[in-house]
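Let me begin by presenting the structure, written as structure tokens, before commenting on it.
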2 protein chains.
Amino acid sequence: MDKEKFLGEFEQFILLAILKLGDNAYGSSIRQLLSDTIERDVTIGALYTTLDRLEKKGLLESRMGEATAERGGRAKKYFKVSAQGQSALRRSKQALNSMWQGVALSEANL
Amino acid sequence: MDKEKFLGEFEQFILLAILKLGDNAYGSSIRQLLSDTIERDVTIGALYTTLDRLEKKGLLESRMGEATAERGGRAKKYFKVSAQGQSALRRSKQALNSMWQGVALSEANL
DNA sequence: ATAATAACAACTACAATGTAGAATATATTA
DNA sequence: TAATATATTCTACATTGTAGTTGTTATTAT
């Protein structure tokens, strides 16, 4: 049995990005979406490391793209959020939501 | 200048708990609220360690309670979220919100 | 053929955050 | 002054976050 832990924030971001990208989620498209959406520059190394860990934990699945694409370079590795990944996301969101419930931040330093 | 990083999830939970508790935020009340709200058992050691780090980063402020309380035991240490802590919270929330934007989880495994 | 280039993924190393449990401090009460 | 109650601090290790470098595999130019 798993220890039912929550996701780290970066892990959560990556999972969400993959969900959004649908069939086109691989290293650099994920990175692109991430830096477009949040204000943080993600290095490609950091990204692949986390993708690996998420896959090992069973929250992600992957398949290699066809080697014969019409472009140069190595084959892409496409990612997909597993069912387990989806429930992890759901749990994290719920926990965050209930913690935010009733909290009002002062507007002083927007 | 700070490196504008995001908060870890646990850090975020703690900050929110302190905000909710207002004038009564100290070790074990924080712990209590946390385990009531999210489904995770927080050991007291883990909690104090993170409180310390948050204070060192300037996201929390603390003061010691009066030594002469009408009960046994050591003085309480009360915490309060600093202005910097509040903006960190705000930023984390915004990032999460924009990442969740448009994501629909399947209902398969609720 | 083969060198150059492009598009990727994998590896390595270290810092920051998460987690637990034991140890210590300080007050009240018997 | 010992026992007990209530809290915090210390120590150690696991997991996650982050960056940079290196390796792979394809296309294109010579």
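Predicted model, so just to flag it, every value in this text is computed and none were measured. Below, read A as the first sequence line, B as the second, and so on, with proteins coming before strands; counting in each chain starts at 1.
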Sequence neighbours left out, what passes side chain to side chain donor-acceptor pair (under 3.5 Å) with D41(A)? Give chain and number order. none
Beyond-backbone contact of L19(A) with L89(A), side-chain heavy atoms, under 4.5 angstrom: yes
Residues that, via side-chain heavy atoms closer than 4.5 angstrom, fall in one hydrophobic cluster with M64(B): none
Residues passing the side chain to side chain donor-acceptor pair (under 3.5 Å) test with S62(A), sequence neighbours excluded, are E55(A)
With F10(B), which residues qualify under ring pair (Phe, Tyr, Trp, His ring centres under 6.0 Å), at least two apart? none
Find the distance E55(A):CD to dT15(D):P and express it as a whole number of Å. 19 Å
How long is the line joining CG of L51(B) and P of dT9(D), in whole Å? 10 Å
Report the distance from atom NZ of K56(A) to atom C1' of dA14(D), rounded to the nearest whole Å. 16 Å
Could you list the protein-to-nucleotides 15-17 of chain C atom pairs, N/O on both sides, closer than 3.5 Å?
residue: dA16(C); atom: O3'; partner: K5(B); partner atom: NZ; Å: 2.9
residue: dT17(C); atom: OP1; partner: K5(B); partner atom: NZ; Å: 3.3
residue: dT17(C); atom: OP1; partner: K57(B); partner atom: NZ; Å: 3.1

Please list, in numerical order, the residues of residues 19-36 of chain A that have a heavy atom closer than 4.0 Å to any atom of DNA chain D. none
With a 4.0 Å cutoff (strictly under), does any side-chain N or O of R40(B) reach OP1 or OP2 of dG18(C)? no
Which pairs with one or both residues in residues 11-21 of chain B pass side-chain hydrogen bond (donor to acceptor under 3.5 Å, both in side chains), sequence neighbours excluded? E11(B)-K57(B)
Could I get the full list of side chain to side chain donor-acceptor pair (under 3.5 Å) partners for T43(B), not counting sequence neighbours? none
For the hydrophobic clusters of this structure (ILVMFWY residues joined by side-chain heavy atoms under 4.5 Å, transitively), does one cluster hold both L33(A) and Y78(A)? no
Which donor-acceptor pairs under 3.5 Å do the side chains of residues 23-30 of chain A make with protein atoms, sequence neighbours left out?
residue: S29(A); atom: OG; partner: N24(A); partner atom: O; Å: 2.7
residue: S29(A); atom: OG; partner: Y26(A); partner atom: N; Å: 3.1
residue: S29(A); atom: OG; partner: Y26(A); partner atom: O; Å: 3.0

In whole angstroms, how far is the C1' atom of dT16(D) from the CG atom of L47(A)? 14 Å
Write out a two-atom table: protein N or O, nucleotide N or O from nucleotides 20-24 of chain D, distance below 3.5 Å.
residue: dG23(D); atom: N2; partner: R74(A); partner atom: NH1; Å: 2.6
residue: dT24(D); atom: O4'; partner: R74(A); partner atom: NH1; Å: 3.2

To the nearest Å, give me how far apart CD1 (I14(A)) and P (dT15(D)) are. 18 Å
By side chain to side chain donor-acceptor pair (under 3.5 Å), E9(B) pairs with (sequence neighbours left out) none
Between P of dT25(D) and NZ of K76(A), the distance in whole Å: 17 Å
Taken to the nearest whole Å, CG/D52(A) to C1'/dT18(D) is 15 Å
Round to the nearest Å and state the distance from F13(B) atom CZ to dG18(C) atom C1'. 12 Å
Salt bridge (charged side-chain N to carboxylate O under 4.0 Å, His left out) contacts in which one or both residues fall within residues 27-37 of chain A, not counting sequence neighbours: none
